[in-house]
Amino acid sequence: MSFRTRFAPSPTGFLHIGGARTALYCWLEARRRGGEFLLRIEDTDRERSTDEAVQAILDAMAWLDLDADAAPVYQTQRLARYREVAGRLLAEGKAYYAYESKEEIEAMREAAMAKGEKPRYSGYYRDRNEPYREDPNRVIRFKNPQQGSVVFEDKVKGRIEFANGELDDLVIFRSDGWPTYNFAVVVDDIDMGITEVIRGDDHVNNTPRQINIYKALGAPVPEFAHLPMILDKEGKKLSKRTNSVSVMEYRENGYLPHAILNYLVRLGWSHGDQEIFSREEMARLFDVADVNKAASRFDTEKLNWLNQHYLKTDDPQALAPEFEWHLERIGIDPARGPAPADVIVALRDRVHTLKEMAEKAGIWYGPITEWDDKAVAKHLKNDSAAAVLATAKARLAGVEWKPEPIHQAIEQVAAQLELGMGKIAQPLRVAMTGTQVSPSIDHTIYLAGRAEALKRIDTALAIAQG
RNA sequence: GCUCCCAUCGUCUAGUGGCCCAGGACACCGCCCUCUCAAGGCGGGAACACGAGUUCGAACCUCGUUGGGAGCGCCA
């Protein structure tokens with residue numbers, strides 16, 4: 001049988017960061033093993049599932065470029081199949097109808113808790129062989145083995161054993177006629193030919209129940225790999241109240257898909273001391289068996305570092321489209337200013353995200369809207385500013401409009417006036433930006449364009465002399 | 001309460017009985033470079049949760065303690 005993994009989100013919200021890592025690991029594992037990666041939408045909870053959420057998940061997967069090898073499978077379209085399999089279990093005496101109301105079940109649980117036991121179903125209808133009847137409370141329960149134990153070798157956690165006595169007869173079909181999670185998952189994974197189930201470790205407790213269903217169905221049991229959780233900075237569960245959890249929110253905040261993937265692949269997994277991984281390296285080196293057992297915390301500082309790393313090393317042209325997306329998002333028309341790739345080169349050493357970059361880039365796509373008083377007082381209102389600006393203007397008027405020639409022109413101004421670069425660059429910087437912070441002065445001038453640069457020098461000259 | 005899982009610098013991790021008085025990275029601090037801010041270079045502080053055992057030898061093996069987490073639904 002060929003190797004096959006799947007990512008199976010339930011569409012009750014956007015794709016969050018933990019889900020993205022699970023998807024990545026599934027994808028990576030499939031790629032390394034030369035197998036297939038499939039996507040399944042677990043939408044049997046019709047109360048909470050939405051089409052918007054399905055689309056949001058698909059969009060996020062596409063943005064991360066985690067491509068599935070087949071069209072997604074939707075559980076809501078497989079109802080007939082679930083009924084068929086449940087019917088078979090019923091016919092073989094491996095499942096039975098039960099008629100307790102939700103209130104009765106609740107009372108049962110409380111009674112068990114009161115006795116210091118694990119809350120579970122009593123098994124009242126298990127062996128009663130009561131005739132089938134129409135009843136609003138009718139559910140189908142799986143006859144879980146009562147003796148022995150279930151043992152499985154988890155690829156990340158190691159050997160895990162559960163006593164069957166701890167497990168009760170779980171509902172596999174609800175009274176509303178839909179299958180429950182634990183049942184649908186097994187039927188789907190069998191039908192889809194899944195050989196390795198990779199999911200969050202909040203599912204370890206479900207695994208023995210599922211294994212028992214596999215066995216009842218006479219199907220081969222896949223391998224399991226349960227990934228530890230991702231916690232927030234404080235070591236608490238990630239919550240959208242206090243953290244960015246949606247993958248697309250990271251896009252909006254200016255992160256690159258590759259940076260997110262690189263960050264996620266190293267969160268819980270490593271390959272010696274290596275920190276930077278291309279997608280190809282990840283796919284070649286990653287092995288889910290090497291994933292750590294312990295939960296880890298999400299550290300935005302390290303993500304920032306990685307994001308800047310890719311900002312600095314990726315081809316500016318390749319980065320341009322995503323950067324333009326950010327410019328447009330804050331109301332800047334990329335057509336009304338310098339080439340985005342040039343802006344990226346000027347700013348990539350100075351920001352961690354494309355969002356920051358877009359914000360800082362505004363100065364080249366529109367007029368100076370604000371003059372920093374301190375900057376003006378310090379660098380424009382001094383003895384040499386007017387001469388610097390006038391001399392620079394003259395030199396810049398005829399120079400070839402590229403960073404390097406501009407750089408030389410400015411050095412000539414310094415030589416001519418016998419001033420240090422600090423005395424030259426700062427007045428020009430204030431002239432170009434209205435502030436005393438910007439990229440290197442040659443790039444700052446270059447990006448403004450010749451006409452606009454000269455215009456801004458005139459304006460600054462007026463301020464300096466006024 | 002019960003079941004299951006986890007435990008190396010602030011954080012992500014290397015480490016699978018001697019190479020470790022524990023290595024790398026992020027963050028932090030200092031110095032250098034420097035037209036501002038960065039980036040970069042160099043250097044620094046910083047951890048094996050605790051206690052027993054096994055062993056000539058334990059971060060690595062065993063047991064216990066403590067501390068975290070997950071699950072216990074007709075949600076997934």
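Scope of the values below: all heavy atoms of this structure, side chains included, with no hydrogens, waters or symmetry mates. Throughout, a chain's letter reflects where its sequence line sits, starting with A, and its residues are numbered from 1.
- By the salt bridge (charged side-chain N to carboxylate O under 4.0 Å, His left out) test, A:K402 pairs with A:E400, sequence neighbours left out.
- The residue A:H203 sits close to a base: some heavy atom pair falls under 4.0 Å.
- Here the nucleotide nearest the side chain of A:M421, chosen from B:G1, B:C4, B:C35, is B:C35.
- Contacts of A:R48 with the nucleic acid, taken as non-hydrogen atoms under 4.0 Å apart, include base atoms.
- Within the 4.5 Å cutoff, no side-chain heavy atoms of A:L24 are placed close to those of A:L64.
- Within the nucleic acid shown, A:E161 comes within 4.0 Å of sugar-phosphate atoms alone, with no base atom in reach, counting heavy atoms only.
- Applying the salt bridge (Lys or Arg N to Asp or Glu O under 4.0 Å) test to every pair with at least one member in residues 301-315 of chain A, sequence neighbours left out, gives these pairs: A:E275-A:K302.
- Pair check for B:A46 finds none; no Watson-Crick or G-U wobble contact set falls under 3.5 Å.
- Taking the side chain of A:R109 as heavy atoms from C-beta on, and the options B:C74, B:C35, B:A70, the nearest nucleotide is B:C74.
- Residues that satisfy the ring pair (Phe, Tyr, Trp, His ring centres under 6.0 Å) test with A:F277, not counting sequence neighbours, are A:W269.
- In this structure, the NZ atom of A:K237 is 14 Å from the C1' atom of B:G68, given to the nearest Å.
- Applying the salt bridge (Lys or Arg N to Asp or Glu O under 4.0 Å) test to pairs two or more places apart or on separate chains, those with a residue in residues 99-119 of chain A are A:E106-A:R109, A:K118-A:E166.
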Protein-nucleotides 43-45 of chain B N/O pairs under 3.5 Å:
none

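- Among residues two or more places apart in sequence or in another chain, the ring pair (Phe, Tyr, Trp, His ring centres under 6.0 Å) test is passed with A:Y97 by A:Y132.
- Of the nucleotides present, none pairs with B:C37 by Watson-Crick or G-U wobble criteria with both distances under 3.5 Å.
- Not one side-chain nitrogen or oxygen of A:K102 sits closer than 4.0 Å to the OP1 or OP2 atom of B:C74.
- As rounded to whole Å, 15 Å separates atom P of B:C35 from atom CD1 of A:I445.
- Within the structure, the salt bridge (Lys or Arg N to Asp or Glu O under 4.0 Å) test picks out no pair touching residues 352-361 of chain A (sequence neighbours left out).
- For the pair A:Y365 (side chain) and A:P338 (backbone), a donor-acceptor distance under 3.5 Å is present.
- The separation of B:C61 from B:G45, taken at their C1' atoms, amounts to 33 Å, rounded to a whole angstrom.
- Base engagement by A:E100 is indicated by at least one non-hydrogen atom pair under 4.0 Å involving a base atom.
- Distance from the side chain of A:P119 is smallest to B:G1 among B:C4, B:G1, B:C2.
- Residue contacts for A:Q436: at a heavy-atom cut-off of 4.0 Å it reaches a base atom on one of the strands shown.
- Atom pair A:L167:CG and B:G71:C1' shows a separation of 11 Å (rounding to whole Å applied).
- Here A:V171 lies in heavy-atom contact (under 4.0 Å) with sugar-phosphate atoms only.
- The stretch residues 304-312 of chain A touches RNA chain B through A:W305, A:Q308, A:K312, each having a heavy atom under 4.0 angstrom from the strand.
- Look at B:C4: its Watson-Crick or wobble partner, with both distances under 3.5 angstrom, is B:G69.
- Put simply, CD1 on A:I230 is 15 Å from C1' on B:G69, counting in whole angstrom units.
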Restricting to nitrogen or oxygen on both sides, can you table the protein-nucleotides 8-15 of chain B pairs closer than 3.5 Å?
from  : atom 1 : to     : atom 2 : distance (Å)
B:C12 : OP1    : A:R297 : N      : 2.9
B:C12 : O2'    : A:R266 : O      : 2.9
B:U13 : OP1    : A:G268 : N      : 2.4
B:U13 : O3'    : A:S270 : OG     : 3.1
B:A14 : OP1    : A:S270 : OG     : 3.0

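- Every residue meeting the ring pair (Phe, Tyr, Trp, His ring centres under 6.0 Å) condition with A:Y181, not counting sequence neighbours, appears here in chain and number order: A:H203.
- Taking the salt bridge (charged side-chain N to carboxylate O under 4.0 Å, His left out) definition, one finds that A:K157 meets it with A:D201, sequence neighbours left out.
- Taking atom CZ of A:F162 as the reference point, atom C1' of B:C2 lies 12 Å away to the nearest angstrom.
- In this model, the phosphate group of B:U36 is not approached by any side-chain N or O of A:S440 to a distance below 4.0 Å at OP1 or OP2.
- A cation-pi contact links A:R141 to A:Y121, judged by a cut-off of 6.0 Å to the six-membered ring centre and 45° from its axis.
- Counting heavy atoms from C-beta outward, A:F7 and A:M61 have side chains that approach closer than 4.5 Å.
- Using atom C1' as the reference point in both B:C29 and B:G71, the two lie 44 Å apart (nearest Å).
- A:K115 comes within contact range of no nucleotide atom at all, as no heavy-atom separation falls under 4.0 Å.
- In this entry the distance linking CD of A:Q75 with P of B:A76 reads 8 Å, nearest Å.
- At whole-Å resolution of the value, CG in A:N206 and C1' in B:C4 are 12 Å apart.
- Base engagement by A:P439 is indicated by at least one non-hydrogen atom pair under 4.0 Å involving a base atom.
- In this structure, the side chains of A:T433 and A:I368 stay at 4.5 Å or more apart for every pair of heavy atoms.
- No hydrogens or angles were tested; on distance alone, a donor-acceptor pair under 3.5 Å links the side chain of A:R350 to the base of B:C37.
- Here B:C26 presents its P atom at 13 Å from CG of A:N262, a figure rounded to the nearest Å.
- Comparing the C1' positions of B:C12 and B:U54 gives an interatomic distance of 33 Å, to the nearest angstrom.
- Counting only residues at least two apart or on different chains, the side chain to side chain donor-acceptor pair (under 3.5 Å) pairs with a member in residues 6-24 of chain A are A:R6-A:D189.
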